[in-house]
Amino acid sequence: MEFVLFELLDSPDRYGRPPFTETDRAAVRSVLAEAERYAVNRLARTFSDRDSEPLAFDPQTHAVRLPKSFRETALDYLESGWLDLELPVRAGEEAVPPSLRWCVAELMLGANPPVPMGLNVIAQVVRLLETHGTEDQQRLAELVRDRHWMVTMVLTEPDAGSDVGAARTRAVPQPDGSWHIEGVKRFITYGDHDLTDNIVHMVLARPVGVEGAGGPGTRGLSLFVVPKFHVDLATGELLGRNGVDVTGLEHKLGLSANPTCELTFGGGAPAVGWLLGDRHAGIQQMFEIIKHVRMLVGVKAMSTLSTGYLNALDDARTRVQGTPIASAGRPQAPVEIVEHPDVRRSLLNQKAHAEGMRAMILYTASQQDKAEAARHAGGFDQDADARHQLLLPVVKGYCSETAWRLLGQESLQVFGGSGYLKDYPLEQYVRDTKVDALYEGTTGIQALDLVGRKIVRDDRSALDALLAEMSLTADFMSTGFETEQDLLRTAVADFARLTDLVVDRWTSTDPGARKLAAQDCTPLLLALGDLVLGWLSLRACVTAQAALDDADGAERDFYLGKIAGGRWFVRHVLPGITGTLTGAEHALAAFTDLPSAVL
C-alpha cells in the first residue's frame, strides 16, 4: 500500500497538504500499522464459518439473532473507531484522504468481510442524511452516528432484482406528512439483527396519488427513511416498533454469518417512513450510496484474492512434494512445490493480478483525493471526477469477476485436494467472493453502465484522456522495459479499436448492431481492466527498478517481486486484449437472435 501511494502514484502531492494536512507519510504508516494489527488480532478472529453457530430467525417475533462470537466481533468493530474515518468531517476535525480510507477498508475486508460489508455503509447513510435530509433527518443522522445504529439499503424486490425500475413497493402519503410504505423487499444485508438498538432503512418505493411523483421506471422511485423503531428525535428515545418485519432469512453460499433478509413493509402495522429531503429524487439519492458500495465490493474482491494468494504462497513454500522437472529422470530429492514451473506460473498470475488490482483501486481512489481537495478549495475537479466515474464499474466488475476466477482456478488449486477441505480458508474465500459479481449490479450491468453512461454519454472524453496517458508510458517513458512497452502500445491500440467498434454499434440506428454492442460490453469492461492493470504494472516495474540501487535485503526482494509481477502481467495477460478485439470483429448478429430453445 505504501509503495502504491508514495512511490507509484502522486499521493505526496496531496498528503500533508490541505485538506489532509495531518496525513503525511509517517501518519499513514502509523494508521496502516494499527489497522493491520486490529484486523489481524481482533477482526479476523471470527472469520471462519467452519464451526460457527448459525444465524437464528424466529418467524413469530420476526427477529434475527447473530451468532454470539460474530456479534461480539461486529460490536467491537462498530465501537472501535475505525468506521469514524468514513464519517463526514465535523468542525475542527481533519479530513482523511479517501485513498487512505480505502487502504484501511482493504485490511478490514481481507480479515473478515461479513462484518465491514454491512457496517461500512453507516457513514454513507449519515452523509446522505446530512447532505440531503430535512432538519429532522439531519438530527436522525446525529443519532445514527453517536449511538452506533445500523442502516440498510433497501432496493431489491422478489420480481425486480437488477431491474430496479420494476419495483412495486408503494408509498402512500399521510396527512401528517409521513408516508406508509407497502411491499416486500429481499436480499437486504443486515435487514434485522441484535447488534444495535435501532436500524434505519433507506427504502426505494413508488409514491402513489401524488401529482408529479411516482410513475413507471426508476424515475418514479423516491427514497424514504424508515426506522425499525420510531424515535423521539429530541431525546433519542426509542418509541414503538414500526411496521417493518423480517419474513424470511436467505440461506447463502457464502458470507453466512451476516444476515440477508426478506423485509415486509406494512404487513401488519403501518410502516411509517419519511421522504428524504422532501424531494422525489430517489434513484439519484440512492446512487450516492451505491457508488461507494460498488467500490467497496471491488476492494473486498481484491483483498480476498490477495489473502488467497498469500495463503497459497505460504503453502507452496513449505510443502515438499515432487522432484525438479529438469532432473530428466535422475534421482533427486523432493523440493518445495514453489519450485515447480506450473506452480510458479500460478503464483505469479495471482500476485500480478492482486497487486495490479490494488494499484487500480488506489489510482481510482486518488481521483477521489483530488476531487475532495478541490471541493475544500471551493472548486470542482472535472477531470478527476470523470476519471473516477469511468473506472468505478471497472473496479467493481473486473475485480469481482477476476478474483472469483483466480481464487478457484489458481489459489485453491495450489493446495491440491487440501484446498477443497474446510481445514484451509480457500474454500470459504471462494464461497464468500462469488457474490461480489452479483450484488450492487451484476457484471453485465456494470458493463452496460461503462459503455452507455461512462463512454458514450461522455463522448469518450474521460476514456480518451486515460488512453492518451497510457500511450505516453508506452511511447515516451525511458524504462528499460522495451518489450513491455511494445506490448502496452499494441494493447492500447487494440483496445481503442475495440471501443470504436462497440461504440459505433451502440450508437447505430440498426437494432441488430445495438445487440452486438451489448453482447461485447462485458468483454470490453474486462479488457479495460486488463489494460489499466497492465499500464500500472509497467509503471510499477519502472518505479521499482529505479529504487533497486538503494535497496537491500527484504526491501530489494520486494522491488524485484514488483518487477517480476509487472512483467508477468504485461507479457502474459495484456496480449489477451487483441483476442478480445478479434472476437468482437467476428461477432455475428445470428448469435443474438438465436431462438432460446437452441441454447
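This structure is a prediction, so every number in the text was calculated from the model and none was measured. Nothing fancy with the numbering, it's 1 onward along the sequence.
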Taking the side chain from R457 and the backbone from K454, do they hold a donor-acceptor pair closer than 3.5 Å? no
Salt bridge check, K300 against D432: does any charged N sit closer than 4.0 Å to a carboxylate O? no
Start with the C-alpha gap between D84 and L87, add the side-chain angles, then the distance that decides, and say whether side-chain contact (heavy atoms from CB on, under 4.5 Å) holds. CA-CA 5 Å; D84 294 353; L87 287 167; 3.5 Å; yes
For D369 and S99, does a side-chain donor sit closer than 3.5 Å to a side-chain acceptor? yes
For Q174, is there any backbone N or O sitting under 3.5 Å from a side-chain donor or acceptor partner on S178? no
Looking at E182 and R170, is there a salt bridge between them, counting it only when a charged N and a carboxylate O are closer than 4.0 Å? yes
Any D194 side-chain heavy atom under 4.5 Å of V64 side chain: no
Least distance between heavy atoms, E93 atom then R90 atom: OE1-N, 2.7 Å
Just do the side-chain contact (heavy atoms from CB on, under 4.5 Å) check on L450 and L528 with the steps written out, would you? CA-CA 10 Å; L450 173 66; L528 181 55; 4.2 Å; yes
For Q519 and T592, does a side-chain donor sit closer than 3.5 Å to a side-chain acceptor? no
Look at the side chain of Q409 and the backbone N and O of L407, then say whether any donor-acceptor pair between them is shorter than 3.5 Å. no
Thinking salt bridges, do K185 and E157 make one under a 4.0 Å N-O criterion? yes
If you look at every heavy atom in C399 and V395, which pair is closest and at what distance? CB-O, 3.0 Å
For R405, is the CZ atom crowded, meaning more than 12 foreign heavy atoms sit under 6.0 Å from it? yes
Could you list the residues that satisfy ring pair (Phe, Tyr, Trp, His ring centres under 6.0 Å) with Y429, not counting sequence neighbours? F47
Y398 and H353 aromatic ring geometry - parallel, tilted or perpendicular at 30°/60° bounds: parallel
To the nearest 0.5 angstrom, please state how far the CD atom of E79 sits from the NE2 atom of H148. 6.5 Å
Roughly how far, to the nearest 0.5 Å, is OG of S306 from CG of L310? 4.5 Å
Evaluate the side-chain contact (heavy atoms from CB on, under 4.5 Å) criterion for residues S48 and Q428: first the C-alpha distance (whole Å), next the side-chain angles of each, then the deciding distance (0.1 Å), finally the verdict. CA-CA 8 Å; S48 175; Q428 187 176 333; 4.2 Å; yes
Is there a side-chain contact between L305 and S411, using heavy atoms and a 4.5 Å cut-off? yes
Do the side chain of N41 and the main chain of R37 share a donor and acceptor less than 3.5 angstrom apart? yes
Under 4.5 Å between any side-chain heavy atoms of L421 and E427, yes or no? no
State yes or no: are the ring centers of W274 and H180 separated by less than 6.0 Å? no
Quick one, V89 and E94 - any side-chain contact, counting heavy atoms below 4.5 Å? no
Going from CG on L362 to CG on L100, what distance comes out if it is rounded to the nearest 0.5 angstrom? 9.5 Å
Which pair of non-hydrogen atoms, one from S400 and one from A301, has the smallest distance, and what is that distance? CA-CB, 3.7 Å
Mark yes when over 12 heavy atoms from residues, nucleotides or ligands other than E135 sit less than 6.0 Å from its CD; otherwise mark no. no
Heavy-atom closest contact (L296 atom, M117 atom, distance): CD2-SD, 3.8 Å
F224 and T169, any side-chain heavy atoms less than 4.5 Å apart: no
Is it true that R358 and E106 make a salt bridge, defined as a side-chain N closer than 4.0 Å to a carboxylate O? yes
Within 6.0 Å of CZ in R219, more than 12 heavy atoms from elsewhere: no
Flag side-chain contact, heavy atom, 4.5 Å: L255 against K252: yes
Could you check if a side-chain atom of L195 sits within less than 4.5 angstrom of a side-chain atom of L66, using non-hydrogen atoms only? yes
Does a sphere of radius 6.0 Å around CD in Q413 hold more than 12 heavy atoms from other residues, nucleotides or ligands, not counting ones at 6.0 Å or beyond? no
Looking at every non-hydrogen atom in both residues, tell me the closest pair between Y424 and S418 and how far apart they are. CD1-O, 3.3 Å
Could you state the interatomic distance from CG (L263) to CD1 (I199), rounded to the nearest 0.5 Å? 8.5 Å
Main chain of A63, side chain of D58: is a donor-acceptor contact present, judged purely on distance under 3.5 Å? no
Any chance the side chains of N112 and T73 put a donor and an acceptor closer than 3.5 Å? no
Can a donor-acceptor pair be found between the side chains of Y309 and D314 at a distance below 3.5 Å? no
Is it true that R147 and E142 have a side-chain N and a carboxylate O under 4.0 angstrom from each other? no
Kindly say whether L275 contributes a backbone atom to a donor-acceptor pair with the side chain of Q137 at under 3.5 angstrom? yes
Heavy-atom closest contact (P227 atom, V225 atom, distance): CD-O, 3.7 Å
Tell me yes or no: between the side chains of D49 and S256, is some donor less than 3.5 Å from an acceptor? yes
After noting the C-alpha distance and the side-chain angles of H280 and W179, does the key distance pass the ring-ring contact (aromatic ring centres under 6.0 Å, His included) rule? CA-CA 13 Å; H280 293 283; W179 299 72; 5.7 Å; yes
Dump the intermediate steps for salt bridge (Lys or Arg N to Asp or Glu O under 4.0 Å) on R294 and E440, then the final yes or no. CA-CA 6 Å; R294 286 180 173 176; E440 305 311 331; 5.7 Å; no
Just verifying a value: how many Å separate R145 CZ and L140 CG, rounded to the nearest 0.5 Å? 13.5 Å
To the nearest 0.5 Å, how far apart are CG in D159 and OG1 in T156? 12.0 Å
Just by distance, with hydrogens left out, do D136 and T134 show a side-chain donor and acceptor under 3.5 Å apart? no
Is the CZ atom of R65 crowded by more than 12 outside heavy atoms at less than 6.0 Å? no
Strictly distance-based, threshold 3.5 Å: is any side-chain N or O of H201 a donor or acceptor partner for the main-chain N or O of V203? no
Would you indicate whether the side-chain heavy atoms of Y190 and P259 approach each other to under 4.5 Å? yes
Donor-acceptor pair, distance only, cut-off 3.5 Å: does the side chain of R241 make one with the backbone of A269? no
Take L221 and L155 through the side-chain contact (heavy atoms from CB on, under 4.5 Å) test and state the conclusion after the steps. CA-CA 10 Å; L221 295 172; L155 295 83; over 6 Å; no
Whether over 12 other heavy atoms sit under 6.0 Å from F57 CZ: yes
Establish, from distance only, whether the side-chain atoms of R387 and Y363 form a donor-acceptor pair under 3.5 Å. yes
Surrounding CD of Q138 (heavy atoms of other residues, nucleotides or ligands, distance under 6.0 Å), is the total greater than 12? yes
Is there a donor-acceptor contact under 3.5 Å from the side chain of T152 to the main chain of V154? no
Would you check if the side chain of R139 reaches a backbone N or O of L233 as a donor-acceptor pair within less than 3.5 Å? yes
Modelled atom types, side-chain donor and acceptor of W102 and Q368, under 3.5 Å: yes
